[in-house]
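In listed order, ligands and their atoms are each counted from 1.
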Amino acid sequence: MGHTLRREPIYLLMIAIYPGSFDPITLGHLDIITRSSKLYEQVVVVVSRNPSKNPLFSVEKRMAQIKEATQPLSNVAVDSFDGLTVSYAREKQANVLLRGLRVLSDFEKELQMAHTNKTLSDDIETVFLATSTEYGFLSSSLVKEIAKFGGPIDHLVPKHIAADIEKCYGKASFQQ
Ligand code: ADP
């Protein structure tokens with residue numbers, strides 16, 4: 001006698017949310033967004049309003065920066081959220097929560113967060129995309145650190161964001 005497969009619901013519309021601080025969005029984030037836009041019907045990049053960090057850019061400014069950077073991607077939207085990510089996902093009927101993985105230290109905290117979110121909402125799956133090799137070192141805080149000391153950041157963030165950062169810290173003075 002063969003065993004019976006339990007039929008799980010099939011998601012016809014896969015909506016993925018990509019939450020983060022994005023202070024500011026980097027080419028590493030954009031790489032994850034571009035690749036995930038080919039995997040899901042809709043990707044919503046959501047900027048966390050979590051006030052525990054001291055951000056360089058306001059949430060509204062970060063959203064505008066992301067909108068401009070993702071403009072060519074027709075199935076990518078930008079939003080912000082306050083509170084629990086899983087509550088936001090449920091409200092938007094998103095089935096996937098996207099996170100990017102760079103190094104082993106990311107893995108530990110990301111896995112803990114994924115497990116925590118699973119206890120809060122069983123029907124939302126965390127999906128990890130591995131960084132592209134050229135962006136494995138890249139983070140928003142690294143970009144800010146370089147800019148603070150006058151180093152070049154044009155190869156790390158989109159041009160309009162490099163200009164925004166230079167308005168905060170002054171133009172790059174570093175000579176190679
Ligand atoms: P958070 O403060 O929530 O970690 P971030 O804006 O720093 O927000 O990052 C959002 C997500 O993007 C996280 O899952 C992070 O691991 C991932 N990420 C950040 N930089 C990169 C990168 N260079 N390549 C791949 N994923 C990245």
Nitrogen or oxygen of Ser140 less than 3.5 angstrom from that of ligand 1 | no
side-chain hydrogen bond (donor to acceptor under 3.5 Å, both in side chains) between Ser121 and Asp123, worked out | CA-CA 6 Å; Ser121 182; Asp123 48 2; 2.8 Å; yes
Which residue and non-hydrogen atom of the protein lie closest to atom 8 (O) of ligand 1, and at what distance in Å?
-> Ser21 N, 3.1 Å
Using distance alone, determine whether Arg102 and ligand 1 share an N or O pair under 3.5 Å.
-> yes
Is the closest side-chain heavy-atom distance between Arg99 and Asp106 below 4.5 Å?
-> no
List every atom of ligand 1 that sits less than 4.0 Å from any heavy atom of Arg99, numbering the atoms from 1 in the order shown and giving each element.
-> 1 (P), 3 (O), 4 (O), 10 (C), 11 (C), 13 (C), 14 (O)
heavy-atom search around atom 24 (N) of ligand 1 in the protein gives Thr131 OG1, 3.0 Å
Does a donor on one side chain and an acceptor on the other come within less than 3.5 Å for Ser80 and Arg49?
-> yes
Should the pair His29 and Phe22 be assigned to parallel (<30°), tilted (30 to 60°) or perpendicular (>60°) ring geometry?
-> perpendicular
Ile17 and Val44: CA distance, side-chain angles, deciding distance, side chain to side chain contact (heavy atoms under 4.5 Å, CB included) verdict = CA-CA 5 Å; Ile17 62 164; Val44 189; 4.2 Å; yes
Donor-acceptor pair, side chain of Arg62 and main chain of Ile25, under 3.5 angstrom | no
With respect to atom 7 (O) of ligand 1, which of Met113, Arg62, His29 exhibits the smallest heavy-atom separation?
-> His29
Leu138 neighbourhood, listing ligand 1 atoms whose heavy-atom distance to it stays under 4.0 Å = 20 (N), 21 (C), 22 (C), 23 (N)
Does the side chain of Val45 reach to within under 4.5 Å of the side chain of Val76, using non-hydrogen atoms?
-> yes
For Thr26 and ligand 1, answer yes if some heavy atom of the residue is under 4.0 Å from a ligand atom, otherwise no.
-> no
Shared ILVMFWY cluster between Leu56 and Leu27, side chains joined below 4.5 angstrom?
-> yes
Relative to ligand 1, is Asp31 under 4.0 angstrom through side chain, backbone, both or neither, heavy atoms considered?
-> neither
Are any non-hydrogen side-chain atoms of Gln42 and Met14 less than 4.5 angstrom apart?
-> no
Leu101 to ligand 1: N or O pair under 3.5 Å?
-> no
Numbered in order shown, the ligand 1 atoms found under 4.0 Å of a heavy atom of Phe22 are 6 (O)
Would you say Tyr18 has any N or O atom under 3.5 Å from an N or O of ligand 1, going by distance alone?
-> yes
Can you find an N/O atom of Gly100 closer than 3.5 Å to an N/O atom of ligand 1?
-> yes
